[in-house]
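Only a predicted model underlies this, so the values are computations on that prediction, with no experimental measurement involved.
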Amino acid sequence: MNQETKDRKFTTDSGIEIQRVYKQHATAGEEPGEYPFTRGVQPDMYRSRLWTMRQYAGFSTAEESNRRYHFLLNQGTTGLSVAFDLPTQIGYDSDHPLSEGEVGKAGVAIDSLRDMEVLFQGVQLEKVSTSMTINSTAAILLALYICLARRQGADLKILSGTVQNDLLKEYAARGTYIYPPKPSMRIITDIFEYCSREIPRWNTISISGYHIREAGSTAVQELAFTLSNGKAYVKAAIQKGLDINVFGKRLSFFFNAHNNLFQEVAKFRAARRMWAKIMKDLGATDPRAMMLRFHTQTGGSTLTARQPMNNIPRVTIQALSAVLGGTQSLHTNGYDEALSLPTEEAAGIALRTQQVIAYESGVTDTVDPLAGSFFVETLTDEVERLAWEYIERIDAMGGSVSAIEAGYIQNEIAAASYEYQRSIENRDRILVGVNRFTQEEAPLGKLFSVDDSIRQVQIEKLKKLRSERNADAVKTQLTVVENSAKDGSNLMPVIIQAMENYATLGEVSDVLRKVFGEYH
């Protein structure tokens, strides 16, 4: 070993120093499927059932997105994951002046129940698990889904899926919030309460580290800030009088997967162990309420516009880390997503990546295949130790809401993002095809694009809807929503009634803006 190699310090992006060699590690003799679930939430994991293979899709109109969903289902996707456009996410109808230039671009435009009916045309909601990436307007989109399920004659008791519904990470990292934190937390716990009674198999929140990581955090920060936000939601639900052993079973998480394979596996293993302890300390006694179940998406921010085909091996490594770490569902990004929404070809390759891992790699044949690795076990402990340090600091501030209001979490993410970018520019961190191994390359072939005329299509739909619906019934139901927002009763039943009468997403959002105000 030369002196330069001997003296060089190897670290993860979280600053964890990597030793030259790892010797025996004292591991707990726990079994998979048992508290604290480090080794997985099911005794047999993928030996008995593979993870749900999702592809995140949604663009343009409901008609266009519906065609993509049928393509993905025919290719072997086992769960749908819906992307909504920015106006839908922040509570504006497509004809609102602030919607101009954004309709159908980052996801599908949904203005009313009519759009929802088209979006899932030919899809039996009882037979598919649907994940909806929606936060500020989560109650409205869930209400639309429930209305549609009722019209299909579906049994709500067996309806399965997830609504993201995680506002704290919006204030900290993403920005698609509408209302201030307190009323936002109220809407979230209203969803918890309603679903535990009416849709018991529905995951009422996907507590999201994904966007925290996309904003530039380290793996340890992603873990710590996500679990801290989770604590805040649980405490809010307990304060509302909900039973932690009931709603705790319907909490789910959403994590990112980046390129450092072993650190990502360690993060997922540590996450389960930490959440089990958090829930036990908060009063959970049912082991199923202590389980951390999670969806993983490969890292959008790791995709490069230069030499985009290199993104295929990147996504493969990231997907493998999620599977080795015990994910319950997985979305793999298309290789062209640094440049546009994914083409059908790119989405197909991304799905095939999951299928190759599932059926050809052999990693699904045993539970927790990296358990007992001196390196992985030590790294799991170190990731956990550093994450607890962050959580203790946040707890000392009064919890996630206080830490976000003080700007602490945002500043920590910003500092980590700056250091990451600096390491790329200094070439301390190598990005293949970006700051090393570069070459002249031909532009990628045809990219996916959404035409600006989509907005006019949606405007015409809205005009037709408003001319045909019962305007008096809509007005009455919007008043009921307003009164419910004021008196503190559960908002879900009245929002469902409003959507059944063809109120629009923007109209309901504006009623809540009137009562709750907007967060700036």
Is it the case that [X] and [Y] place a side-chain donor and acceptor less than 3.5 Å from each other?
X      : Y      : answer
Glu170 : Ser136 : no
Ser301 : Glu214 : yes
Trp388 : Glu392 : no
Arg54  : Thr52  : no
Thr12  : Asn260 : no
Ser217 : Glu222 : no
Ser400 : Asn229 : yes

Listed once per pair and sorted, the side chain to side chain donor-acceptor pair (under 3.5 Å) pairs that draw on residues 152-163, sequence neighbours left out: Thr162-Asn203
Not counting sequence neighbours, which residues clear side chain to side chain donor-acceptor pair (under 3.5 Å) with Ser402? List them please. none
Listed by chain and number, what are the side chain to side chain donor-acceptor pair (under 3.5 Å) partners of Glu193, not counting sequence neighbours?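 Result, side chain to side chain donor-acceptor pair (under 3.5 Å) vs Glu193: Asn490.
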Any donor-acceptor N/O pair, [X] side chain to [Y] backbone, under 3.5 Å:
X      : Y      : value
Thr88  : Ile110 : yes
Asn135 : Asp166 : yes
Arg273 : Phe37  : no
Gln354 : Leu330 : yes
Asp85  : Ala106 : no

Would you compute the distance between atom [atom1] of [X] and atom [atom2] of [Y] and round it to the nearest 0.5 angstrom?
X      : Y      : atom1 : atom2 : result
Asn66  : Asp115 : CG    : CG    : 12.0 Å
Arg151 : Glu117 : CZ    : CD    : 5.0 Å
Leu324 : Phe262 : CG    : CZ    : 8.5 Å
Glu412 : Thr218 : CD    : OG1   : 9.0 Å
Asp190 : Met185 : CG    : CE    : 12.0 Å
Ser65  : Leu119 : OG    : CG    : 6.0 Å

Partner of Trp202 under side-chain contact (heavy atoms from CB on, under 4.5 Å), chosen from Ser196, Cys195, Ser129: Cys195
Phe516: which of Lys486, Lys182, Arg186 passes side-chain contact (heavy atoms from CB on, under 4.5 Å): Arg186
Any chance you could lay out the side chain to side chain contact (heavy atoms under 4.5 Å, CB included) test for Lys105 and Leu341, step after step, and finish with the verdict? CA-CA 9 Å; Lys105 292 294 180 70; Leu341 291 171; over 6 Å; no
A cation-pi test, strictly: NZ or CZ of [X] under 6.0 Å from the centre of the six-membered ring of [Y] and no more than 45 degrees from its axis. Yes or no?
X      : Y      : answer
Lys280 : Tyr35  : yes
Arg114 : Tyr502 : yes
Arg393 : Tyr390 : yes

Residues two or more places apart in sequence or in another chain: which of them pass ring-ring contact (aromatic ring centres under 6.0 Å, His included) with [X]?
X      : value
Phe294 : Phe255, Phe268
His96  : Tyr92
Tyr171 : Tyr177, Tyr519

Contact summary for [X] and [Y], nearest pair of heavy atoms:
X      : Y      : result
Ala138 : Val163 : CB-CG2, 3.6 Å
Gln318 : Ser321 : O-OG, 2.7 Å
Ser484 : Ser489 : OG-OG, 2.8 Å
Leu386 : Ile16  : CD1-CG1, 3.5 Å
Gly506 : Asp93  : N-OD1, 2.8 Å
Thr298 : Asn256 : C-OD1, 3.9 Å

Do [X] and [Y] touch side chain to side chain, with heavy atoms closer than 4.5 Å?
X      : Y      : answer
Leu141 : Leu505 : yes
Gln89  : Thr133 : no
Ser14  : Gln263 : yes
Leu491 : Tyr194 : no
Leu125 : Phe120 : yes
Met492 : Ile191 : yes
Asn333 : His331 : yes
Thr61  : Val108 : no

Member of Arg39, Arg272, Arg47 meeting the salt bridge (charged side-chain N to carboxylate O under 4.0 Å, His left out) criterion with Asp368: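 Only one of Arg39, Arg272, Arg47 forms a salt bridge (charged side-chain N to carboxylate O under 4.0 Å, His left out) with Asp368, namely Arg39.
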Matching residue for Arg513 among Glu507, Glu482, Glu518 - test: salt bridge (charged side-chain N to carboxylate O under 4.0 Å, His left out):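 Testing each of Glu507, Glu482, Glu518 against Arg513, the sole residue satisfying salt bridge (charged side-chain N to carboxylate O under 4.0 Å, His left out) is Glu518.
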Show your working on side chain to side chain contact (heavy atoms under 4.5 Å, CB included) between Val494 and Gln477 and close with a plain yes or no. CA-CA 7 Å; Val494 296; Gln477 291 305 323; 5.7 Å; no
Would you call Asp13-Arg213 a salt bridge at under 4.0 Å N-O? yes
Is the shortest side-chain N to carboxylate O distance from Arg385 to Asp381 below 4.0 Å?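 No, no charged N to carboxylate O under 4.0 Å.
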Carefully, step by step, assess Trp275 and Phe253 under the rule ring-ring contact (aromatic ring centres under 6.0 Å, His included). CA-CA 10 Å; Trp275 186 246; Phe253 288 78; 4.8 Å; yes
Given Thr380 and Arg269, is the side chain to side chain donor-acceptor pair (under 3.5 Å) satisfied, shown in steps? CA-CA 7 Å; Thr380 300; Arg269 298 174 86 246; 3.1 Å; yes
Hey, mind stepping through Val82 and Tyr69 against side chain to side chain contact (heavy atoms under 4.5 Å, CB included) and telling me if it holds? CA-CA 9 Å; Val82 185; Tyr69 293 157; 3.2 Å; yes
Please check if the number of heavy atoms outside Lys277 that lie under 6.0 Å from its NZ is greater than 12. no
